[in-house]
Peer 1: 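This is the structure I want to talk about, given as structure tokens.
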Amino acid sequence: MIYFKEPSKTMTDSILSKLNGKQQSAVLQTEGPVLVLAGAGSGKTRILVHRIAYLIIEKQVSPSSVLAVTFTNKAAEEMKQRVEKLLKRKINPSQSIDLDQPWVGTFHSFCVRVLRKEIGALGFKNNFLIYDDYDQIALMKGVLEKMVIDQKQYSPRMFLSVISNQAKNNLLTPRQYQHKAKDFIEKLTAKVYQEYQKQLREHNALDFDDLIMMTVQLFQKYPAVLEKYQRRFKYLMVDEYQDTNHAQYLLTNLLSKKSKNICVVGDDWQGIYSFRGADIQNILDFEKDYPQAKIIYLEQNYRSTKTIVEASNHIIAKNKARTDKKLWTDSKPGEKITVQQVANEKEEGEYILGEIFGLREETSDHRGEADDEIVYESEEENNHPAGGILDTILEIEKNKSGGPEKKTAKIAIQKKIRGGLINLSDYVILYRTNAQSRALEETLLEYGVPYQIIGSVKFYERKEVKDLLAYLRILVEPNDQVSMKRIINEPPRSIGRKTWSLLENFAEADKIDYLKAVKQADKIASLPSRARNALLFFASLIIDLKDKAQNLKPREIIDLILNKTGYKKHVQDGTPEGEARWENILELKTVAKKFDNQQGLESIRSFLEETALVNDVDFLEDGKKGLTLMTTHNAKGLEYKVVFLAGMEEGLFPHANSLFDPAELEEERRLYYVGVTRSKEKVYLIHTRQRNIWGSSRITIPSRFLEEIPEELVENK
DNA sequence: AATTGCCTTGTTTTT
DNA sequence: CAAGGCAATT
Ligand SMILES: Nc1ncnc2c1ncn2[C@@H]1O[C@H](COP(=O)(O)OP(=O)(O)OP(=O)(O)O)[C@@H](O)[C@H]1O
């Protein structure tokens, strides 16, 4: 890093110049615990960016002693870039540039980094694999089968969620959990937990929660290791602190114990992850945990119009369990919030398109006129240049069949898209449940509007992608049972259920890894010769792949697998679905391209690491044109010009499962608050009269949340 | 072993 | 409705 002898006045000024007084004080308070507690859009994340730059430039702190924790990889990437930009501006280009970078990442990525180095102390190999959701369920199913537990009565998911929330987030080992177990279920869970951990260890794998839990255990058990990291990371910063769980809290606490330099920012109003163990109490107790803490409240919102800020204040005011903060803005009132009722989910999508393509660039006065009456009365209005599309769309609803009017609408939309008149990345559609994306997607497809859906079926959870990753995992970790089971007969090669279970017993009894077991298929008793040959053929296939992979890049290894295993042919079966799956595989190869500078098994490990911890939000590209659809949960920390909140109906938002517990209802409301505050300029709240739920159409009731915004801020349609 | 088709079950939200 | 499990086919 470049060190400056004297903090120069002008540089300090320019780092601080884009911050208000309170933000500046958070940046200047570099030593000791700092808590920034503030509402949405008040510039909390901005503080962290500037604080890192300030530490490096003005306090001459080495970048490598800075650790900043974000909620997603995308947020980490963005933060890195913004810090770098600030630094670049300050660094004299003639001076040599040190490549040292501050460490910015999620809790999980930080823990992986530590564990890759240190996990030997806990008896794991440091090339452990990371099991995702799917892998965990697959493993758990195996555990339950082995223990002869009825999976109908006790679902794998249930065990996993109890283990995650009650045991792992509270750092309880199977043994400790067993001691606390009281009733039958808990005792059973304790046994399952024990076996589950045992199998993870045998397969050299950790699940998501283990990453955090093991790191904490490591630090607690080996003070010398902890001290090493405490000395290394002298400055710790955490974004979105309200959504940390107990294990993460302990981790931050341990890391900062020596230096006491911990700066956390967050907003208890935006805590939306309690269902997975996040505890708002962490941020509320910060002052108790760190009595010397400096606490800073930011009150000015820089993101949204006055209408939006006021509306969100009213929303959150309905909650009882919350801190009493203020949030104001000096921005213009802007447009009112639109509450729109539509007939059903199909019309919901069409309404949104109508707003985006028909009216968005028109004046809002005009929109006022475009109410149903006018539209229905004058057919000729269709040729009207302004608002024509909305009219047309409403027209479709009128004469159901969807005649030439729909075509007109489609053509007009296409024209606008091609003309580059509409910047689709200014808009976002948010909803409560992923299932809602399907109907919206259909409408977007129908009108040829480019879009990206975040979440739903995540890229790395797609079957074809998981299959390929499983092949790669087998190459580097021959005892990865979950992956082995997944691809041993994919594409079909005559290795069925029976053969698999014989193989499983054999591997387990002889305590050999699965690849060895397959190789020694001729030693498996009572194995039909057809199955034996199939296994031996599979073994030679894998050995061949492994051999050839030695001097190939990850991308080439994927190609090799695709060709040698017949997977390529298997996928490209001539159907459109096959084509879509093939596209996903190409996308995977694009990701692999990043690792072109490496080769062999090691390169596979790097590649797998990249794929294990990413989140769908990480795929969001700002430049990418296309309308974005995601759950409100996924929108945390993001901002858009125009936000559509779809499905504002009782039972959906707030969700039916949250209605009877007041605490859960308040969490729903916080989610609502998050959704509304993503918007810079305009919010739409849409509710249907009828919605298909599990096949049958049901009448819906408008969400109680709609009434929580004062009338004068709303324009009712 | 693989394919087909009927049955149940269920989804809130996800690093 | 649709995914996953299970049984009855070939
Ligand atoms: N001092 C400032 N002057 C002008 N604009 C600012 C200032 N601070 C922040 N902003 C802008 O306000 C918006 C919100 O900032 P930021 O994302 O840092 O807020 P936040 O508190 O982290 O929000 P949230 O809690 O909703 O994620 C951003 O567009 C940012 O550029």
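Worth saying up front: this structure is predicted, and the values here are computed from it rather than measured. In what follows, chains carry the letters A, B, and so on, assigned in the order in which the sequence lines appear, proteins first and then strands, with residues in each chain numbered from 1.
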Peer 1: With respect to the phosphate group of dT13(B), does any side-chain polar atom (N or O) of Thr632(A) fall under 4.0 Å of OP1 or OP2?
Peer 2: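 No.
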Peer 1: Only counting residues at least two apart or in another chain, list the ones meeting side chain to side chain contact (heavy atoms under 4.5 Å, CB included) with Asp279(A).
Peer 2: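 Asp279(A) satisfies side chain to side chain contact (heavy atoms under 4.5 Å, CB included) with Gln281(A), Asn282(A) only.
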Peer 1: For dT14(B), does OP1 or OP2 lie under 4.0 Å from any side-chain N or O of Asn434(A)?
Peer 2: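 Checking dT14(B) against Asn434(A), a side-chain N or O does come within under 4.0 Å of OP1 or OP2.
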Peer 1: More 5' along DNA chain B: Glu664(A) or Phe208(A), using each one's nearest nucleotide?
Peer 2: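 In this pair, the answer is Glu664(A).
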Peer 1: Are there any protein N/O atoms within less than 3.5 Å of an N/O atom in nucleotides 5-10 of chain B, and if so, which ones and at what distance?
Peer 2:
none

Peer 1: Just grab all the salt bridge (charged side-chain N to carboxylate O under 4.0 Å, His left out) pairs involving residues 529-541 of chain A, residues at least two apart or on different chains.
Peer 2: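 Residue pairs with at least one partner in residues 529-541 of chain A: there are none.
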Peer 1: What contact category does Gln248(A) fall into here, base, sugar-phosphate, or nothing, at under 4.0 angstrom with non-hydrogen atoms?
Peer 2: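 No contact.
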Peer 1: Using a 5.5 Å cut-off between ring centres and planes within 30 degrees, is Phe275(A) stacked on the base of dT13(B)?
Peer 2: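 Yes.
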Peer 1: Can you check the Lys636(A) NZ to dT15(B) P distance for me, whole Å?
Peer 2: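 Interatomic distance, NZ of Lys636(A) to P of dT15(B): 11 Å.
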Peer 1: Any base atoms under 4.0 Å from Glu667(A), or only sugar-phosphate, or nothing? Heavy atoms, all strands.
Peer 2: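 Result for Glu667(A) = nothing.
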Peer 1: OP1 or OP2 of dT15(B) less than 4.0 angstrom from a side-chain nitrogen or oxygen of Asn634(A), does that happen here?
Peer 2: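 For dT15(B), OP1 or OP2 has a side-chain N or O of Asn634(A) closer than 4.0 Å.
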Peer 1: Find the distance Ile137(A):CD1 to dT14(B):C1' and express it as a whole number of Å.
Peer 2: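 Checked: the CD1 to C1' distance equals 12 Å.
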Peer 1: For Thr70(A) and for Arg530(A), find the nucleotide of DNA chain B with the closest heavy atom, then tell me which residue's nucleotide is more 5'.
Peer 2: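 Closest to the 5' end, via its nearest nucleotide, is Arg530(A).
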Peer 1: Mind checking Lys141(A) for me? I need base, sugar-phosphate or nothing, with any heavy atom below 4.0 Å counting as a touch.
Peer 2: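 If one applies the 4.0 Å heavy-atom cut-off, Lys141(A) turns out to touch the sugar-phosphate alone, with no base involved.
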Peer 1: Strictly below 4.0 Å, N to O, side chains only: are Asp268(A) and Arg670(A) in salt-bridge contact?
Peer 2: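 The answer is no: the pair does not qualify as a salt bridge.
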Peer 1: Here's a test for you: under salt bridge (Lys or Arg N to Asp or Glu O under 4.0 Å), which of Lys463(A), Lys485(A), Lys466(A) qualifies with Glu490(A)?
Peer 2: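 Result: among Lys463(A), Lys485(A), Lys466(A), Lys463(A) is the only option passing the salt bridge (Lys or Arg N to Asp or Glu O under 4.0 Å) with Glu490(A).
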Peer 1: Is the shortest distance from a Lys or Arg side-chain nitrogen in Asp210(A) or Lys168(A) to a carboxylate oxygen in the other one below 4.0 Å?
Peer 2: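 Lys168(A) and Asp210(A): salt-bridged.
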Peer 1: Need one value for Tyr273(A): base, sugar-phosphate or nothing, where a base atom within 4.0 Å counts as base even if backbone is also close, heavy atoms only.
Peer 2: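 Here Tyr273(A) touches the backbone only, sparing every base.
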Peer 1: Heavy atoms, side chains only, cut-off 4.5 Å: are Leu503(A) and Val518(A) in contact?
Peer 2: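 In contact.
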Peer 1: What residues, two or more places apart in sequence or in another chain, satisfy side chain to side chain contact (heavy atoms under 4.5 Å, CB included) together with Thr433(A)?
Peer 2: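 In terms of side chain to side chain contact (heavy atoms under 4.5 Å, CB included), with neighbours along the sequence ignored, Thr433(A) is linked to Ala435(A), Gln436(A), Leu652(A), His655(A).
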Peer 1: Please name all residues satisfying side chain to side chain contact (heavy atoms under 4.5 Å, CB included) with Ala439(A), sequence neighbours left out, ordered by chain then number.
Peer 2: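 Result, side chain to side chain contact (heavy atoms under 4.5 Å, CB included) vs Ala439(A): Glu345(A).
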Peer 1: Counting any heavy atom closer than 4.0 Å, what does Arg670(A) reach on the DNA or RNA strands: base, sugar-phosphate only, or nothing?
Peer 2: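 No contact at all - Arg670(A) keeps every heavy atom at 4.0 Å or more from the nucleic acid.
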Peer 1: How long is the line joining NE2 of His570(A) and P of dA2(B), in whole Å?
Peer 2: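 So the two atoms are 11 Å apart, to the nearest Å.
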Peer 1: So, OP1 or OP2 of dT11(B): does either fall under 4.0 Å of a side-chain N or O from Asn657(A)?
Peer 2: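 For dT11(B), neither OP1 nor OP2 has a side-chain N or O of Asn657(A) closer than 4.0 Å.
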Peer 1: So for atom CZ, which belongs to Arg438(A), do other residues, nucleotides or ligands contribute more than 12 heavy atoms lying within a distance under 6.0 Å?
Peer 2: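 It does not: Arg438(A) CZ has 12 such atoms or fewer within range.
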Peer 1: Which nucleotide in the set dT13(B), dT15(B), dA2(B) lies at the smallest distance from any side-chain heavy atom of Asn489(A)?
Peer 2: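 Between dT13(B), dT15(B), dA2(B), the one nearest the side chain of Asn489(A) would be dA2(B).
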Peer 1: Of the listed nucleotides (dT11(B), dT15(B), dA2(B)), which one gets closest to any side-chain atom of His655(A)?
Peer 2: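 Closest of the options to the side chain of His655(A): dT11(B).
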Peer 1: Heavy atoms under 4.0 Å, any strand shown: does Phe107(A) hit a base, just sugar-phosphate, or nothing?
Peer 2: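 The answer is nothing, as Phe107(A) stays clear of every strand by at least 4.0 Å.
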Peer 1: Pro492(A) side chain: which of dT11(B), dA2(B), dT14(B) is closest?
Peer 2: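 Within the option list, the nearest is dA2(B).
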Peer 1: Does anyone know the first and last nucleotide of DNA chain C in reach of chain A, 5' to 3', at under 4.0 angstrom to a heavy atom?
Peer 2: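 Going 5' to 3' along DNA chain C, contacts run dC1(C) to dG5(C).
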Peer 1: Roughly how many Å is it from CG in Leu206(A) to P in dT15(B), rounded to a whole number?
Peer 2: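 Taking CG of Leu206(A) and P of dT15(B), I get 18 Å after rounding.
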Peer 1: In terms of side-chain geometry, is the basic nitrogen of Glu77(A) or Lys74(A) positioned less than 4.0 Å from the acidic oxygen of its partner?
Peer 2: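 Answer for the salt bridge query: no.
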Peer 1: For the pair made of CG in Asn245(A) and P in dT14(B), what is the distance, rounded to whole Å?
Peer 2: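 After rounding, the gap between these two atoms is 17 Å.
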Peer 1: Thinking salt bridges, do Glu504(A) and Lys146(A) make one under a 4.0 Å N-O criterion?
Peer 2: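 Judged by the 4.0 Å cut-off on N to carboxylate O distance, Glu504(A) and Lys146(A) do not form a salt bridge.
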Peer 1: Write down the distance separating the P atoms in dG4(C) and dT13(B), rounded off to the nearest Å.
Peer 2: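 It works out to 15 Å between them.
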Peer 1: For Ser658(A), answer base if it contacts any base atom (sugar-phosphate contacts may also be present), sugar-phosphate if it contacts only those atoms, and nothing otherwise; contact means non-hydrogen atoms under 4.0 Å.
Peer 2: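 Base, at least one base heavy atom under 4.0 Å.
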